[in-house]
Each structure stands twice: as C-alpha cells, then as structure tokens.
Amino acid sequence: MALVNIILVLLTIAFVHHQIATTEARLDIGVCYGMVGDNLPSPAAVVKLYQRYSIGKLRLFDPNPAALAALRGSGIEVTLGTKNEDLQSIASSVDAAKTWFDANVQPYTSDVKITFLSAGNEVVPGNLAQFVLPAMQNLQSVVNGYGYSGMRITTVVAASTLGTFYPPSSSTFADVARADMVGIIKFLSSNGSPLMINVYPYFAYAFDPVNVRLDYAQFTANGSVVQDGSLSYSNLLDAIVDAFYWAMEKEGVTGVDLVVSESGWPSAGNGYITSVELAQTYNQNLVKRFQANAGTPKHPDRGLGGFIFAMFNENQKPAGIERNFRLFYPDGTPVYGMYFN
C-alpha cells in the first residue's frame, strides 16, 4: 500500500461523508500473501493454510520462487505481480519481457494456476508510471506467443490515480495520472482484462472519523448514506469502485471490469479506530460483499470480487498500521473469527 498516496486522495472525500470456519471459499474471494517479514511460516505451510480454510485465490506481490514452488499442484488461483523495479527492463522490449517471464513465470505454468499477471503495484502516478503500459504490452506479446489464453495481463493502482472523487459521478483521473491511465485502460479494454484497484475505506474514516460515518465505511449502514443523482450508496467501497467506473467512462472506456486487489482494516496501530472488533466486522462484511457477486449502483450487472489484505503481519514493513492487517498469526492461529462462506 502506498499510504501517503491513498491519504492524499482521501482528503477530497473525507468531509462528505478464535476461529475461522473451514468452509468452501467462493472463487471471487482471495487473500493477499505478503512476505516482508522474518517471522512468517514457510511458503509450504502458508499454502496448506489457504487449503485448510478453503481460500481459493492468492495474490503474490512478486515472483518469489519458494512461494511459487509451494503452490505447485495446489489448485489455488494466483495473481502474480512483477517487482516495481523490474518494470523498466520489462518495458524495454518484448525480448526483455520474455527473459523476465522465462525466469520468473514459465517454470511454474504447468502446475501453478496463474490467472493474472500484474505489471507493477501502485506506481501510477509516479516515476515508474511511464513503464507500465509498455511492460503490459510486452508481457501480453509473450503470453500470446506461448498461447496462455487463461493468463491475463493487468496492473494494480491506488485511489491516488483519481482526482475529482466525490460524488462518484464527478470522478476523473488526476492530472498527474491521466495520460498513463488512459493508455492502460485502453490496453485492458482491447485485451479483455480487468483493472485491479486497491480500495481502503479505512483511510477515509481514519482521516476524518467525525464526517465519515463508521457504518458507511464498514458496510453496516441501514439504507442509503450518499445519494449521487439516481444512485444510492450504503457503503464507501462501492462508491470508490464506481468512481473508477466513472473516470474510465469519461475517457471513452466502458468495457473494463474492476477487481479489488486489496482491501482490509487494521486491528491495531492507530488507537480506538484500529481494533480487532472493527477489523473483524469490516473483513467479514467484505467477504459477504464479494460472496454476493453483486455489482455496484452504477454497474449492477458486473459482479465484484477481490482480495483481503492480508494473510499475516509483515514485521519488516515500516512501523504503524501497515504491520497490522493480518488474518492469521505466524503459527497459523486466526486473529479473530471469520467465515469465508
């Protein structure tokens, strides 16, 4: 998560508004597997934990060989990211992209279900943004060359790509991100791939808990909280997702679906607004939201799925809330009760 970027864009919206059950997970629910820690279980143990709790999708932020090896034969659907620092090289030519792919992806394609390959994570806007589109184009050429029709190329962006944000229908891409985002979404449209978005209602509430209602952020509001023309919003996640749909539509792109690549609520790190109870409520309601396979007020015809952040705390990240989004302790014990179905 690029916390500074997320908080900056949320300035524009802040004023308007112990057991996990072992059940079959829906295909539209996943959990992010971050590895920036020195106290985490082995990748093999992590994969077994996903299987034990029937978590059918996993987002891996970079092609860690041990994690990919552990995923062999697991049947878990994997969204695999490139390292941000590899984007410039991948973008330089199809041959360079193929070299990267052959080293990091190709060895696992026979028995790891890699369904999405993400060129970078939250680099738009920024110095690396210019490399995202050519990297996606080159990776697409490589994937097409191998005939991997089930592997789609995408990228992951944060809410900082949006400028005007509230109400959702007024949303546009930020000036600093627009040129890169237009190229990206046109590529996704032409290749039938979704855009992956990191969506954190927590940050809106954390910035201004007086004016942003907790029930609106946590999916617990009874009825509409925000009215945007004919569209009614009872939760903030749907409003943020629709803001992306509106921003794309204003660039002439209407056929790109959205996937929530990260969302969650920290259980510690920021006083009373980061409790185990609030994290449990948000994440359980997020699962219910994904399981419903329902659309948003703007696009009720398009189901919305995605990933909870995250499987574990990562103790080598900067101190603060980024270390406190976990569903499980390192020993595999659940942090709080939650059902995946």
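The two residues Gly34 and Leu40 come nearest to each other via the heavy atoms O-CD1, 3.6 Å.
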*Step by step, work out the side-chain contact (heavy atoms from CB on, under 4.5 Å) result for Asn191 and Ile153.*
CA-CA 8 Å; Asn191 287 280; Ile153 308 301; over 6 Å; no

*Output, in order, the C-alpha distance, side-chain angles, deciding distance and verdict of side-chain contact (heavy atoms from CB on, under 4.5 Å) for Ile184 and Val132.*
CA-CA 8 Å; Ile184 288 168; Val132 174; 3.7 Å; yes

_Residues Arg289, Asp238; criterion salt bridge (charged side-chain N to carboxylate O under 4.0 Å, His left out); working and verdict_ = CA-CA 10 Å; Arg289 173 68 182 84; Asp238 279 2; 3.0 Å; yes

*Step-by-step side-chain contact (heavy atoms from CB on, under 4.5 Å) determination, Tyr233 to Asp242*: CA-CA 10 Å; Tyr233 292 91; Asp242 272 357; 2.6 Å; yes

*Evaluate the side chain to side chain donor-acceptor pair (under 3.5 Å) criterion for residues Tyr282 and Ser263: first the C-alpha distance (whole Å), next the side-chain angles of each, then the deciding distance (0.1 Å), finally the verdict.*
CA-CA 9 Å; Tyr282 180 83; Ser263 192; 2.5 Å; yes

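Checked by atom type, the side-chain pair Thr333/Asp331 shows a donor-acceptor distance below 3.5 Å. Checked by atom type, the side-chain pair Asn121/Asn84 shows no donor-acceptor distance below 3.5 Å. Neither side chain, Ser267 nor Asn324, offers a donor N or O lying under 3.5 Å from an acceptor on the other.
Within a 6.0 Å radius of CG in Asp175, no more than 12 heavy atoms belonging to other residues, nucleotides or ligands are found. Counting heavy atoms of neighbouring residues, nucleotides and ligands inside a 6.0 Å radius, atom NZ of Lys298 exceeds 12 of them. Atom CD of Gln88 has 12 or fewer neighbouring heavy atoms from other residues, nucleotides or ligands inside a 6.0 Å radius.
Proximity of the aromatic rings of Tyr200 and Phe325 is defined here by a centroid distance below 6.0 angstrom, and this criterion is met.
Each of Leu188, Val260, Thr79, Leu258 was scored for a side-chain contact (heavy atoms from CB on, under 4.5 Å) with Met196, with one residue passing: Thr79.
Residues Arg302 and Asp257 are paired through a salt bridge, judged by an N-O separation under 4.0 Å between the basic side chain and the carboxylate.
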